[in-house]
Amino acid sequence: MSQAGVMYGMKAVFSAGLGAPVLLVMMLAMLVLPLPPFLLDVFFTFNISLALVVLLSGIYARKPLEFASFPTVLLVATLLRLALNVASTRVVLLEGQNGTAAAGKVIEAFGEFVVGGNYAVGLVVFSILVIINFIVVTKGAGRISEVSARFTLDAMPGKQMAIDADLNAGLLTQAEAKARREEVSREADFYGSMDGASKFVRGDAIAGILILFINIIGGLAIGMLQHGMAFGDAMRVYSLLTVGDGLVAQIPSLILSTAAAIMVTRVSSSEDMGQQILSQLFANPKSLAVTGGVLGIMGVIPGMPNLVFLSLAAGAGGGAYYLSRYRAGVVEVVEELAPLPPAEPKELSWDDVAPVDTIGLEVGYRLIPLVDKNQGGQLMTRIKGVRKKLTSELGFLIPAVHIRDNLDLSPNYYRISLLGVNVGEAEIHLERDLAINPGQVYGSLRGIATTDPAFGLEAVWIEPALRDEAQTLGYTVVDPSTVIATHLSQLLQDHAHELLGREEVQHLLDSLAKTTPKLVEDLVPNAIPMGVLLKVLRNLLEERVPLKDVRTIAETLAAHGRESQDPAVLTGHVRNALGRMIFQQINGLKNELPVITLDPGLEHILQSSMQTGDGSGGPAFEPGLAERMHQAIQKAAHKQEMNGEPSVLLVAAPLRQVLARFLRRTIANLHVLSYNELPDNKQIKVVASVGNK
């Protein structure tokens with residue numbers, strides 16, 4: 001039976017779902033039944049082949065999770081090797097008096113050829129292998145596994161928060177976020193399993209030492225007492241068999257320990273380990289040039305092996321020269337690109353008047369790699385995700401974002417504009433990640449202090465190597481593309497009403513006409529003109545009410561449009577009709593809504609102020625009263641936010657729009673509702689009442 005035949009047969013068994021039972025029965029058989037030398041040769045060869053396959057699979061895996069079954073494979077291979085040790089020990093002790101070939105050709109070859117038939121040399125070689133495996137490789141890999149498992153588990157909350165932040169910003173779909181969460185969970189499970197599996201490898205190394213001494217002592221006793229062999233003959237035969245058996249088991253053990261160390265020390269990348277080493281170790285030709293110089297100096301010293309040192313020096317110098325010439329050639333090709341000939345000047349026309357971009361994004365020249373797909377830029381994809389998410393949430397198509405570079409900007413800055421007006425800008429550090437303080441963290445970070453451009457939270461630009469540490473401390477860590485995309489998403493939500501124009505409203509009506517044509521025909525222009533409809537929809541968006549239920553909006557406006565053409569009055573009617581959606585948007589599926597109310601006396605004063613007016617169509621609030629009311633509402637809203645509950649001000653219907661406009665820009669996330677907007681099947685809980693004192 002060839003090695004290829006054994007491997008093919010094992011593959012067929014595993015494919016049929018019988019792998020685990022067959023391996024278990026095979027190991028039990030090796031522990032109980034004596035095996036002939038031929039089967040020992042087959043299993044020892046298979047054991048070495050399995051170790052090599054596992055090692056190469058670990059080397060070619062681009063990230064540890066591509067070989068997530070490694071801890072289980074490591075455990076099975078260790079148990080298989082220990083079972084082989086028991087089987088070979090039985091054969092050595094039973095048949096050792098017949099010579100060094102009694103336990104099979106593999107053990108004989110390792111005992112005779114590998115160590116030259118000298119059991120003393122074999123013991124030394126075996127001891128060195130055990131020391132390397134136990135003290136260097138296994139101990140280091142075990143320590144790294146412990147640290148990786150601890151930090152991976154500590155970093156899980158921060159990674160989950162980062163996924164939630166990307167999902168809320170529209171950078172991920174629900175399916176992608178679910179996949180990312182599963183990957184984080186699998187990563188924690190993997191490193192936890194590796195922490196336990198490394199203990200098996202370490203125990204295997206200790207077992208190898210004990211088995212060696214037990215076999216030598218037992219072999220001497222059996223050979224001299226039972227078979228009447230001389231001490232020298234018994235020592236030679238049983239020691240060579242024991243050393244050969246130990247080497248056959250210890251070499252696969254060292255290979256698997258190395259594979260475990262590689263798996264826990266490598267970093268996830270799009271390249272395998274060989275490509276990573278080549279691209280990073282020889283990235284700078286200066287390192288090869290300096291190495292060649294040092295080797296050359298050592299090579300001319302009398303008494304040194306001059307040929308070897310000078311040959312390696314020449315090789316290192318040649319490699320440095322080749323790398324430097326290769327890089328210089330790439331630069332020359334770029335510089336030799338001929339500039340385009342200047343275009344002939346032409347007469348000006350209306351085509352030269354550039355239209356204003358609805359949404360514009362300008363970046364400094366150092367941020368161009370973020371938007372260049374050829375350089376791995378992900379910003380374009382994330383902006384598409386933001387547009388898709390907001391389009392779904394707001395109920396109308398978000399216009400395309402026009403991106404261009406601007407040499408007038410600082411190299412690391414970007415600027416976001418709406419309808420040609422700058423609405424936000426910030427500085428980005430391309431080679432760093434942004435660690436955002438969500439409100440409670442457990443330490444500080446080294447980096448460049450700043451604030452999150454989207455929400456104004458405290459943040460730090462950190463090196464990518466500190467990402468896991470930052471997540472462990474409770475920070476939300478995002479990359480530069482996510483920073484820009486989140487900032488853009490927040491600004492588009494704040495200014496959504498400015499993005500809605502007549503063209504977008506007409507598209508909404510055309511879509512509605514496909515299902516309810518009579519409703520659209522009665523609405524515009526029979527009930528209200530297009531201008532009034534546009535103003536009502538903008539009022540809704542300005543108060544964060546989406547336009548998804550356009551049918552209810554249209555039916556409400558058609559019913560009340562002939563009574564009043566005032567957009568404010570019509571907006572109130574539409575909000576009443578959308579009360580359930582507004583309530584659910586604020587409070588989810590809960591039945592009880594915590595609210596802040598106004599004292600009846602204060603409400604009476606405010607309604608009287610509205611009736612008096614200030615001559616400009618607005619209410620005439622007394623300045624001192626307005627300031628006290630604002631401070632009291634702000635304090636109550638802040639308390640609600642600290643308790644993790646929504647901030648809702650519940651007022652009489654005539655006051656709702658005025659107070660919403662008065663408080664919108666100064667108290668973030670405050671919802672102003674009227675009593676008419678509350679669904680009949682929902683309840684309220686008054687958590688604070690604001691008076692006029």
Answer whether the closest heavy-atom distance between the side chains of [X] and [Y] falls below 4.5 Å.
X	Y	result
L394	L499	no
N591	Q683	no
I403	I383	yes
N587	P594	yes
L593	L678	yes
V401	R387	yes
P369	L430	yes
L655	Q607	yes

Under 3.5 Å, sequence neighbours excluded: what are the donor-acceptor pairs made by side chains of residues 441-464?
from : atom 1 : to   : atom 2 : distance (Å)
D452 : OD1    : A454 : N      : 3.4
D452 : OD2    : F455 : N      : 3.1
E463 : OE2    : R432 : NH2    : 3.2

Minimal non-hydrogen separation, [X] against [Y], with atom names:
X	Y	result
A470	V477	CB-CG2, 3.6 Å
Y414	I416	CE1-CD1, 3.9 Å
G424	L491	CA-CD1, 4.1 Å
E677	L673	OE1-CD2, 3.3 Å
S481	L379	O-CD1, 3.6 Å
L602	G691	CD2-O, 3.6 Å

So, does [X] use its side chain to make a donor-acceptor pair with the main chain of [Y] at under 3.5 Å?
X	Y	value
E504	G501	yes
T556	V574	no
S608	H604	yes
Q565	G561	yes

Kindly compute the distance separating [atom1] ([X]) from [atom2] ([Y]), expressed to the nearest 0.5 Å.
X	Y	atom1	atom2	result
F396	T391	CZ	OG1	7.5 Å
K685	K590	NZ	NZ	9.0 Å
L659	I633	CG	CD1	6.5 Å
S392	I398	OG	CD1	11.0 Å
L508	E503	CG	CD	11.0 Å
K639	I596	NZ	CD1	10.0 Å

For atom [atom1] of [X], decide whether the heavy atoms of other residues, nucleotides or ligands shown that lie under 6.0 angstrom number more than 12.
X	atom1	result
N676	CG	yes
H402	NE2	yes
M380	CE	no
E592	CD	yes

Assess whether salt bridge (charged side-chain N to carboxylate O under 4.0 Å, His left out) is satisfied between R551 and E555, documenting all intermediate values. CA-CA 6 Å; R551 177 172 178 173; E555 288 178 345; 3.3 Å; yes

Residue list, ring-ring contact (aromatic ring centres under 6.0 Å, His included) with H560, at least two apart or on another chain: H573

Pairs under 3.5 angstrom only: tabulate donor-acceptor contacts from the side chains of residues 356-364 to other protein residues two or more places apart or in another chain.
from : atom 1 : to   : atom 2 : distance (Å)
D357 : OD2    : R404 : NH1    : 2.8
D357 : OD2    : R404 : NH2    : 3.1
E362 : OE1    : N406 : ND2    : 2.9

Verify side chain to side chain contact (heavy atoms under 4.5 Å, CB included) between K388 and K384, making sure each step is shown before the conclusion. CA-CA 6 Å; K388 182 177 181 180; K384 289 181 181 178; over 6 Å; no

Residues S647, N669; criterion side chain to side chain contact (heavy atoms under 4.5 Å, CB included); working and verdict: CA-CA 7 Å; S647 305; N669 300 323; 5.7 Å; no

E427: what forms a salt bridge (charged side-chain N to carboxylate O under 4.0 Å, His left out) with it, not counting sequence neighbours? none

Determine, step by step, whether L418 and L492 satisfy the side chain to side chain contact (heavy atoms under 4.5 Å, CB included) criterion, reporting the C-alpha distance in whole Å, the side-chain angles of both residues, the deciding distance to 0.1 Å, and the verdict. CA-CA 9 Å; L418 295 180; L492 292 182; 3.9 Å; yes

Please table the atom pairs, donor to acceptor, closer than 3.5 Å between any side-chain atom in residues 511-520 and protein atoms at least two apart or in another chain.
from : atom 1 : to   : atom 2 : distance (Å)
S511 : OG     : H507 : O      : 3.1
T515 : OG1    : L512 : O      : 3.1
T516 : OG1    : L512 : O      : 3.2

Taking distance alone, no hydrogens or angles, what donor-acceptor pairs closer than 3.5 Å link side-chain atoms of residues 523-548 to residues at least two apart or in another chain?
from : atom 1 : to   : atom 2 : distance (Å)
N526 : ND2    : E521 : O      : 2.9
R538 : NE     : H497 : O      : 3.4
R538 : NE     : L500 : O      : 2.9
R538 : NH2    : L500 : O      : 2.9
N539 : ND2    : K535 : O      : 3.4
N539 : ND2    : T571 : OG1    : 3.1
E542 : OE2    : R664 : NH1    : 3.3
E543 : OE1    : R575 : NH1    : 2.8
E543 : OE1    : R656 : NH1    : 3.2
E543 : OE1    : R656 : NH2    : 3.0
E543 : OE2    : R656 : NH2    : 3.0
R544 : NH2    : D494 : OD1    : 2.3

The test is side chain to side chain contact (heavy atoms under 4.5 Å, CB included); show your working for I484 and L370 and say whether it passes. CA-CA 10 Å; I484 299 177; L370 292 177; 3.8 Å; yes

Charged N-O contact under 4.0 Å between R382 and D479: yes

